Student: 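Dumping the structure here so I can ask a few things about it.
Residue numbers count from 1 along this sequence. Reckoned from all heavy atoms, side chains included, excluding hydrogens, waters and symmetry mates. Nothing here was measured: the structure is a model prediction, and the numbers come from that model.
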Amino acid sequence: MYRVLHRALCTSTEPATVSIKSISQDLYKEVKLKKVVEKFKKASDIDRFRKKTGIYEDTVRRLAGARRFRWVRDILEHQKKYSDISNEGFSARLITLYGKSGMARHAHKMFDEMPQRNCDRTVLSLNALLAAYLHSRKYDAVESLFRDLPTQLSVKPDLVSYNILIKAFCEKGSFDSALSVLKEMEDKGVNPDSITFNTLLDGLYSKGRFEEGENLWAAMGAKNVAPDVRSYCSKLVGLAEEKKTGEAVEVFRGMEKVGVKPDLFCINAVIKGSVNEGNLDEAKKWFGEIANFEYDPDKNTYAILVPFLCEKGDLKTAIEMCKEIFNNRCRVDALMLQLVVDKLVSEGMVSEATEIVELGKTNRYCRYKLNLQAEG
């Protein structure tokens with residue numbers, strides 16, 4: 001009876017014709033965050049609104065990004081007035097949102113309160129809590145909870161649980177512990193998936209543990225888990241770090257043969273490998289491949305290539321890329337642009353340097369405060 005009355009009191013009296021899309025657009029356009037909170041809480045009275053995971057995530061991300069954690073707590077605690085809070089899926093969503101805001105303590109409090117609301121705690125909410133601590137970068141707590149909570153709750157960890165644990169170990173640099181989880185999974189009859197392997201491959205290849213990455217790549221095949229674009233990207237990063245660009249190119253071409261389309265991250269990795277080997281022509285050639293795959297360079301592409309162009313004295317191409325950055329409205333580190341300006345001035349190309357400084361001041365998307373310091 002309580003639940004029926006509670007739902008009746010908390011359910012919106014607004015007509016079904018209320019457009020959730022219009023509410024979402026209004027929240028997006030609202031510039032005053034306090035107003036966002038007020039409008040969000042009012043919209044929460046509508047059942048259909050509370051089912052919109054994306055709106056919740058976007059709003060919480062916006063508030064957390066502005067470091068308005070008090071308001072994150074305000075809108076999430078507000079959700080406890082609705083009958084949905086006795087639904088594990090809804091509570092798990094709120095726990096996850098707290099975690100993505102770096103508010104692990106509040107996530108844990110909500111998890112602990114679930115029994116008081118007659119809300120079951122299964123592996124779903126366990127995983128939400130583990131993920132909350134992972135997002136909050138409390139990696140030791142992830143392991144501690146993984147070891148203790150399943151016994152306390154009589155819950156069996158699943159594949160998602162193990163993947164979160166592996167991610168936590170990788171983030172703290174404990175790769176031996178992360179690899180040992182694979183053996184534990186095998187003993188427990190839990191088969192790893194592409195997320196399991198990709199998490200490990202990314203960690204190993206990017207941290208210079210190339211041989212271990214190669215061993216894991218072989219194990220992936222033995223488990224009949226096909227490499228996807230993320231797997232290949234990690235391998236290309238590893239090859240770039242090892243200065244094995246020739247092998248990287250072979251791997252890249254092999255992707256296309258097995259039907260895996262390389263993404264921009266893959267091309268950036270090959271460019272990075274060329275830069276690491278000091279091969280300017282090869283780096284520029286692979287920059288050209290970006291357009292062939294119908295991508296646009298991103299800030300990482302320019303961060304890899306532009307300083308290298310300056311180092312090699314190819315200032316003409318560096319100038320072209322700076323202009324391309326402004327034309328494509330790509331947000332880059334101002335220090336990189338300043339590097340180009342300084343190099344131009346040191347080479348007596350003051351008019352070209354001045355042009356870039358002016359473009360930094362006058363472009364319509366991001367103003368860069370560049371100067372001609374080296375002009376002296």
Side-chain angles (χ1 to χ4, degrees), residues 2-16 18-122 124-138 141-142 145 149 164:
Y2 167 77
R3 288 189 182 184
V4 173
L5 289 172
H6 186 66
R7 184 173 181 83
L9 289 170
C10 296
T11 299
S12 170
T13 57
E14 296 199 33
V18 172
S19 169
I20 302 301
K21 183 178 180 180
S22 65
I23 294 174
S24 175
Q25 290 174 338
D26 183 46
L27 286 170
Y28 178 78
K29 292 176 182 178
E30 179 58 66
V31 295
K32 295 182 179 179
L33 293 181
K34 188 173 183 180
K35 284 285 187 180
V36 169
V37 172
E38 293 171 357
K39 290 179 178 181
F40 188 96
K41 289 167 67 174
K42 181 178 180 181
S44 296
D45 286 343
I46 304 171
D47 284 344
R48 289 175 295 127
F49 180 85
R50 296 196 300 276
K51 292 178 171 63
K52 299 299 180 180
T53 304
I55 301 177
Y56 275 66
E57 289 184 351
D58 290 343
T59 305
V60 168
R61 186 187 305 114
R62 186 178 173 189
L63 293 172
R67 304 190 66 79
R68 298 296 191 269
F69 301 112
R70 176 172 59 87
W71 288 342
V72 171
R73 184 177 69 247
D74 192 11
I75 65 171
L76 295 184
E77 292 298 308
H78 180 82
Q79 307 303 309
K80 292 178 180 178
K81 66 181 284 190
Y82 304 109
S83 60
D84 308 57
I85 199 66
S86 63
N87 177 282
E88 186 184 18
F90 187 75
S91 290
R93 275 174 53 198
L94 302 182
I95 291 169
T96 301
L97 289 170
Y98 265 134
K100 288 183 177 180
S101 303
M103 303 170 70
R105 183 170 61 85
H106 291 85
H108 206 146
K109 180 174 179 288
M110 183 161 286
F111 178 84
D112 288 340
E113 292 172 349
M114 288 173 67
Q116 302 170 22
R117 303 188 182 93
N118 297 317
C119 186
D120 293 332
R121 293 188 296 183
T122 70
L124 175 65
S125 47
L126 168 66
N127 290 342
L129 184 62
L130 293 175
Y133 276 93
L134 176 67
H135 288 303
S136 299
R137 300 182 180 182
K138 297 184 181 298
V142 174
L145 292 169
L149 276 181
I164 295 171

Student: Look at the side chain of Asn87 and the backbone N and O of Gly89, then say whether any donor-acceptor pair between them is shorter than 3.5 Å.
Tutor: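 A pair under 3.5 Å: yes.
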
Student: Can Glu30 and Lys39 be said to form a salt bridge (Lys or Arg N to Asp or Glu O under 4.0 Å), step by step?
Tutor: CA-CA 9 Å; Glu30 179 58 66; Lys39 290 179 178 181; 2.8 Å; yes

Student: Is it the case that the side chain of Ser22 and the backbone of Ser19 share a donor-acceptor pair, with hydrogens and angles ignored and the cut-off at 3.5 Å?
Tutor: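 Side chain of Ser22 to backbone of Ser19, a donor-acceptor pair under 3.5 Å: yes, one is there.
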
Student: Are any of the side-chain nitrogens in Arg117 or Glu113 under 4.0 Å away from the carboxylate oxygens of its partner?
Tutor: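 Looking at Arg117 and Glu113, the cut-off is met.
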
Student: Should the ring pair Tyr56 and Phe90 be called parallel, tilted or perpendicular, given that the plane angle runs from 0 to 90° and is split at 30 and 60?
Tutor: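 Ring orientation of Tyr56 relative to Phe90: perpendicular.
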
Student: Between Asp112 and Lys109, is a salt bridge (Lys or Arg N to Asp or Glu O under 4.0 Å) present by the stated rule, with each step listed?
Tutor: CA-CA 5 Å; Asp112 288 340; Lys109 180 174 179 288; over 6 Å; no

Student: Hey, what do you get for CG (Asn127) to CD1 (Ile164), rounding to the nearest 0.5 Å?
Tutor: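 Spacing of CG (Asn127) from CD1 (Ile164) equals 4.5 Å.
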
Student: For Lys52, does the NZ atom have more than 12 heavy-atom neighbours from other residues, nucleotides or ligands under 6.0 Å away?
Tutor: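 Not buried by this count: 12 neighbours or fewer within 6.0 Å.
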
Student: Judged by atom type as modelled, is there a donor-acceptor pair below 3.5 Å linking the side chain of Thr96 to the main-chain atoms of Ala92?
Tutor: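 Judged by distance alone, yes, a pair lies under 3.5 Å.
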
Student: Between Asp47 and Arg50, is there a side-chain N and carboxylate O pair less than 4.0 Å apart?
Tutor: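 Looking at Asp47 and Arg50, the cut-off is met.
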
Student: Spell out, as yes or no, whether a donor-acceptor pair under 3.5 Å connects the side chain of Ser101 to the backbone of Met103.
Tutor: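 Not a single qualifying donor-acceptor pair exists.
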
Student: Working to the nearest 0.5 Å, report the span between CD of Glu77 and NZ of Lys41.
Tutor: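 Going from CD on Glu77 over to NZ on Lys41, the span is 11.0 Å.
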
Student: With a 4.5 Å cut-off on side-chain heavy atoms, are His108 and Leu145 touching?
Tutor: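 Of all side-chain heavy-atom pairs linking His108 with Leu145, at least one is under 4.5 Å.
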
Student: Do you know the tightest heavy-atom contact between Met110 and Leu76?
Tutor: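 Minimum heavy-atom contact is CE-O, 4.3 Å.
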
Student: Closest heavy-atom contact between Ala107 and Tyr98?
Tutor: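 Here Ala107 and Tyr98 meet closest at CB-CB, 3.7 Å.
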
Student: About how many Å separate CD1 of Ile46 and OH of Tyr82, when rounded to the nearest 0.5 Å?
Tutor: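 It is 9.0 Å, given to the nearest 0.5 Å.
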
Student: Can you tell me how far apart CZ (Phe40) and CD1 (Ile23) are? Round to the nearest 0.5 Å.
Tutor: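 The distance works out to 10.5 Å.
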
Student: Would you give the length of the straight line joining atom OG1 of Thr122 to atom CG of Asp120, rounded to the nearest 0.5 angstrom?
Tutor: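 If I round to the nearest 0.5 Å, the distance is 7.5 Å.
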
Student: I need the minimum non-hydrogen distance between Ser83 and Ser86, along with the two atoms involved.
Tutor: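 Residues Ser83 and Ser86, closest heavy atoms: O-OG, 2.9 Å.
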
Student: Once rounded to the nearest 0.5 Å, what's the spacing between atom CD1 of Ile55 and atom CD of Gln25?
Tutor: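 Spacing of CD1 (Ile55) from CD (Gln25) equals 10.0 Å.
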
Student: Can you confirm whether Leu149 sits close enough to Leu130 that some side-chain heavy atom of one is under 4.5 Å from a side-chain heavy atom of the other?
Tutor: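 The answer is no; the side chains never approach within 4.5 Å.
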
Student: Is there a side-chain contact between Met114 and Glu88 (heavy atoms, below 4.5 Å)?
Tutor: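 A side-chain contact exists here, since the closest heavy-atom pair is under 4.5 Å.
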
Student: Does Arg121 offer a backbone N or O that forms a donor-acceptor pair with the side chain of Ser125 under 3.5 Å?
Tutor: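 Such a contact is absent between Ser125 side chain and Arg121 backbone.
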
Student: Less than 4.5 Å apart, side chain to side chain, heavy atoms only: is that true for Ile75 and Leu63?
Tutor: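 The answer is yes; the side chains approach within 4.5 Å.
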
Student: Locate the shortest heavy-atom distance separating Phe49 from Ile20; write the atom from each residue and the value.
Tutor: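 Closest pair (atom of Phe49, atom of Ile20, distance): N-CD1, 3.8 Å.
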
Student: Grab the two heavy atoms, one from Ala132 and one from Ala104, that are nearest each other, plus how far apart they are.
Tutor: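 Closest pair (atom of Ala132, atom of Ala104, distance): O-CB, 4.4 Å.
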
Student: Are the charged groups of Arg93 and Glu57 less than 4.0 angstrom apart, N to O?
Tutor: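 Here Arg93 does not pair with Glu57 in a salt bridge, since their nearest N and O are not under 4.0 Å apart.
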
Student: Check whether any side-chain heavy atom of Lys81 lies under 4.5 Å from a side-chain heavy atom of Asp45, and answer yes or no.
Tutor: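 SC-SC contact between Lys81 and Asp45 confirmed.
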
Student: Could you pull out the closest heavy-atom pair between Ala66 and Leu33, with the gap in Å?
Tutor: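 Of all heavy-atom pairs spanning Ala66 and Leu33, the closest is CB-CD1, 3.6 Å.
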
Student: Are Val142 and Lys138 side-chain neighbours, meaning at least one heavy-atom pair lies under 4.5 Å?
Tutor: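 Answer no - side chains too far apart.
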
Student: If only atom types and distance count, is the side chain of Gln79 paired as donor or acceptor with the main-chain N or O of Ile85 below 3.5 Å?
Tutor: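 Absent.
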
Student: If you measure from the Lys or Arg side-chain nitrogens to the Asp or Glu carboxylate oxygens, is any gap between Asp84 and Lys51 under 4.0 Å?
Tutor: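 Salt bridge: no.
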
